[in-house]
Amino acid sequence: MDVKAPATIPYFLQEQIRELIVDGTIRPGQPLREQELEQRFGTSRSPIREALRLLELSGLVTHIQRKGFRVTLYTEAQIRHLYLLRAELESYCLRQAAEVDDLTPLLAEQRGHDAAIGTALAAGDAQGAIAAACEFYLAAARSTGNTPLASMLSKLYEQIEPLRYLLARQAMPFTGIQVCTRGVIEALAVRDVERAAGMTRSYLADVLPGVLEAYRYASLQDEEEPAPRYGRA
């Protein structure tokens, strides 16, 4: 008799598969074979498929008719578009935040996230640094009460996390991020929002070539090397 898996299992599997994508264990364009994922996680196909559908909604996974699921493979143009969108959303967050009467709580929170970035960089923790950098800008969005903006930015961060991790893994410590975050804090403190937004755009323009190179290398690996089996966790 088929027993329906608890609703929490697909979400747990979603997070586990997402980690494999982000850290490069499953590379860009690589097929996500349901049978191998079943063996790795010791579960049935139904929750695996639900987890892959959830990842498809986030943009990390693509479903191809009659071929199944695979990690999303971006073109160079698509990566540029994603980073341009990120620059505009982060800049808009800062502009909105600067209109709040009292910036003290936001600046205190951003200083905390900046410190977390520094701690993660010192420990060689790429994902920790990326998470803290995300929270730095999400704090600005949340400070305005703009829930749709925070939700949109959060979803974009989830979609581009593998791109950021590829760069961070090849260029740790990527201290340029703290030059940006500290500059943004200083600019916001005097409500110089154009300088804050400009620093954000400049930082993303500076890192984009490295993102493209790291992604190109990871994609070529998938073409040149046999796809690794996932194995049992």
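- Formation of a donor-acceptor pair under 3.5 Å by the Glu109 side chain with backbone atoms of Leu106 is not found in this model.
- Nearest approach of Pro28 to Val71, heavy atoms of both residues: CA-CG1, 3.9 Å.
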When you look at Leu82 and Gln159, which way does the side chain to side chain contact (heavy atoms under 4.5 Å, CB included) test go after all the steps? CA-CA 9 Å; Leu82 286 168; Gln159 186 173 358; 4.0 Å; yes
Worked check of salt bridge (Lys or Arg N to Asp or Glu O under 4.0 Å) between Arg182 and Glu186: CA-CA 6 Å; Arg182 290 173 181 176; Glu186 291 174 4; over 6 Å; no
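- Residues Leu84 and Leu94 fall into different hydrophobic clusters, defined by Ile, Leu, Val, Met, Phe, Trp and Tyr side chains chained together at heavy-atom separations under 4.5 Å.
- Under 3.5 Å, the side chains of Glu161 and Tyr165 contain no donor-acceptor pair of N or O atoms.
- For the residue pair Thr104 and Asp102, a side-chain donor N or O sits within less than 3.5 Å of a side-chain acceptor on the partner.
- Legend: residues meeting side chain to side chain donor-acceptor pair (under 3.5 Å) with Glu90, ordered by chain and number and at least two apart, are Arg86, Tyr157.
- Under a hydrophobic clustering in which Ile, Leu, Val, Met, Phe, Trp and Tyr are joined whenever their side-chain heavy atoms come within less than 4.5 Å, directly or via other members, Val190 and Val193 fall into different clusters.
- Counting all heavy atoms, side chain and backbone alike, Arg164 lies closest to Cys134 at NH1-SG, 3.2 Å.
- For the residue pair Thr72/Thr62, the side-chain donor-acceptor check at 3.5 Å is satisfied.
- Shown here are the side-chain contact (heavy atoms from CB on, under 4.5 Å) partners of Ala131, two or more places apart in sequence or in another chain: there are none.
- The two residues Phe136 and Gln110 make their nearest non-hydrogen contact at O-NE2, 3.1 Å.
- With Tyr83 as the fixed residue, the side-chain contact (heavy atoms from CB on, under 4.5 Å) test singles out one of Leu156, Leu212, Val211: Val211.
- Shown here are the ring pair (Phe, Tyr, Trp, His ring centres under 6.0 Å) partners of His63, two or more places apart in sequence or in another chain: Phe69.
- For CD of Glu19, the number of neighbouring non-hydrogen atoms (other residues, nucleotides, ligands) closer than 6.0 Å is greater than 12.
- Side-chain contact of Thr200 with Tyr137: a donor-acceptor pair under 3.5 Å is present, judged by distance alone.
- Taking every heavy atom of both residues into account, Ala141 and Cys93 meet most closely at CB-SG, 3.6 Å.
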